[in-house]
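What you see is a predicted model, and the numbers here were worked out from it, not measured in a lab. Sequential numbering from 1 along the given sequence is applied to the chain's residues.
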Amino acid sequence: MPDFTAADVKRLRDATGAGMMDCKRALTDADGDFDRAAELVRERTGAKMADRAGQRTASEGVIHSYLHRPTPGMPPKVGVLLELNCETDFVAKGADFGQLANDLALHIAAMRPAVVREEEVDETILETEREFARKQALEEGKPEHIVEKIVDGKIKAFYKEKVLLNQPFVKDDSRTVGDLVEELQRTTGEKIVVARFARFQVGA
C-alpha cells in the first residue's frame with residue numbers, strides 16, 4: 001500500500017486544485033511520491049482544469065526582471081519588469097513558469113509592446129487610428145462598401161504591433177505571445193495571467 005496520509009492528499013489538492021479522488025488516485029499510482037503525483041494530476045486533469053481557468057483567480061506568481069546587454073560585458077541598455085500570475089505557489093516555483101516569465105520579458109525588451117491586452121488600448125488612440133485609416137482609404141479611391149473592412153484590417157494590424165498578447169513571439173513568429181500563455185495554462189491546468197509590465201531603455 002502506498003505510503004501517504006490525508007495531509008498529503010490535502011497538500012496535493014492545494015497545489016493542483018484537483019479533486020480529492022483525483023489526488024488519491026495519483027498518489028497511489030505514484031507510490032506516494034508527491035512530485036510525481038502532481039505531474040500525474042496535471043496530465044490527467046489539465047484540459048478539464050484549463051476549461052475552468054477563466055473562472056478562477058490567479059493570485060500567486062512572480063515579479064521577473066530582465067536586463068538586455070547589447071554587448072556581453074557592457075552595461076545593460078534595456079530593462080523589463082514583468083508580473084506574471086498563476087493560481088498556486090507550486091506552479092509559480094516551476095521551471096516552465098520561470099521560463100515563460102523570462103521569454104515574455106525578453107520579448108517585451110525586443111518588441112516594445114504598449115499594453116498587455118486589447119482592452120487596455122486607449123479608445124482615443126483607437127479612434128485616431130480608425131479615422132486615419134478611413135481617410136487614407138477614401139483618398140486612395142477605395143469604394144465606400146469596403147472602407148470599413150480596410151479600417152478593421154488596420155486596427156487588427158495595430159493590435160498585432162502594439163498589444164503584447166497579439167504580437168508574434170520573437171523566438172517563434174508562428175505563435176503569438178497569447179499562444180505561449182495558453183499553452184502553459186493547458187499544461188498546468190491553472191489560470192496564467194500577464195498582469196503588467198514596465199520597459200525601461202537608456203535615453204528613451
| task | Sequence neighbours left out, what pairs pass salt bridge (Lys or Arg N to Asp or Glu O under 4.0 Å) with at least one residue falling in residues 139-160? | result | Arg134-Glu148
| field | Asp31 and Asp33, any side-chain heavy atoms less than 4.5 Å apart | value | no
| query | Is any side-chain heavy atom of Leu27 closer than 4.5 Å to a side-chain heavy atom of Leu12? | reply | yes
| said: Same cluster or not: Met111 versus Val115, using hydrophobic residues (I, L, V, M, F, W, Y) connected whenever any side-chain heavy atoms lie under 4.5 Å apart? | reply: no
| Does one side chain, of Glu118 or Asn166, offer a donor that lies under 3.5 Å from an acceptor on the other? | yes
| field | For Asp103, all residues meeting salt bridge (charged side-chain N to carboxylate O under 4.0 Å, His left out), sequence neighbours excluded | value | Lys171
| message | Please determine whether residues Leu184 and Val91 belong to a single hydrophobic cluster, defined as Ile, Leu, Val, Met, Phe, Trp and Tyr linked transitively by side-chain heavy-atom distances below 4.5 Å. | response | yes
| field | Selection residues 193-204 - residue pairs positive for salt bridge (Lys or Arg N to Asp or Glu O under 4.0 Å), sequence neighbours left out | value | Glu83-Arg196
| request: Inspect the contact between Asp22 and Arg25 and indicate whether a charged nitrogen and a carboxylate oxygen are less than 4.0 angstrom apart. | output: yes
| request: Answer whether the closest heavy-atom distance between the side chains of Phe4 and Val9 falls below 4.5 Å. | output: yes
| Beyond-backbone contact of Val78 with Tyr66, side-chain heavy atoms, under 4.5 angstrom | no
| query | Taking side chain as C-beta onward, heavy atoms only, is Phe90 less than 4.5 Å from Phe97? | reply | no
| task | Please answer: with hydrophobic residues joined when any side-chain heavy atoms are less than 4.5 Å apart, are Val177 and Val62 in the same cluster? | result | yes
| task | Working to the nearest 0.5 Å, report the span between OG1 of Thr176 and CD of Gln167. | result | 10.0 Å
| message | Evaluate Thr88 against Lys93 for side chain to side chain contact (heavy atoms under 4.5 Å, CB included), listing each step before the verdict. | response | CA-CA 9 Å; Thr88 65; Lys93 292 178 179 177; over 6 Å; no
| query | According to a 4.5 Å side-chain heavy-atom criterion applied to Ile, Leu, Val, Met, Phe, Trp and Tyr, with indirect links allowed, do Val181 and Leu106 form part of one hydrophobic cluster? | reply | yes
| task | Identify whether Phe200 and Ile63 are in the same connected component of the hydrophobic contact network (ILVMFWY, side-chain heavy atoms under 4.5 Å). | result | yes
| message | Is there a side-chain contact between Glu123 and Leu126 in this structure, where contact means two heavy atoms from C-beta onward sitting under 4.5 Å apart? | response | yes
| request: Measure the spacing between CD1 of Ile192 and CG of Asp96 and express it to the nearest 0.5 Å. | output: 10.0 Å
| said: I'd like to know whether Leu180 forms a side chain to side chain contact (heavy atoms under 4.5 Å, CB included) with Arg175, so could you lay out the CA-CA distance, the side-chain angles of the two residues, the decisive distance to 0.1 Å, and finally the verdict. | reply: CA-CA 7 Å; Leu180 293 185; Arg175 298 182 292 169; 3.3 Å; yes
| Heavy-atom distance under 4.5 Å between the side chains of Leu164 and Ile108, does that happen here? | yes
| said: Are Phe158 and Val121 packed together at the side-chain level, in the sense that at least one heavy-atom pair is separated by less than 4.5 angstrom? | reply: yes
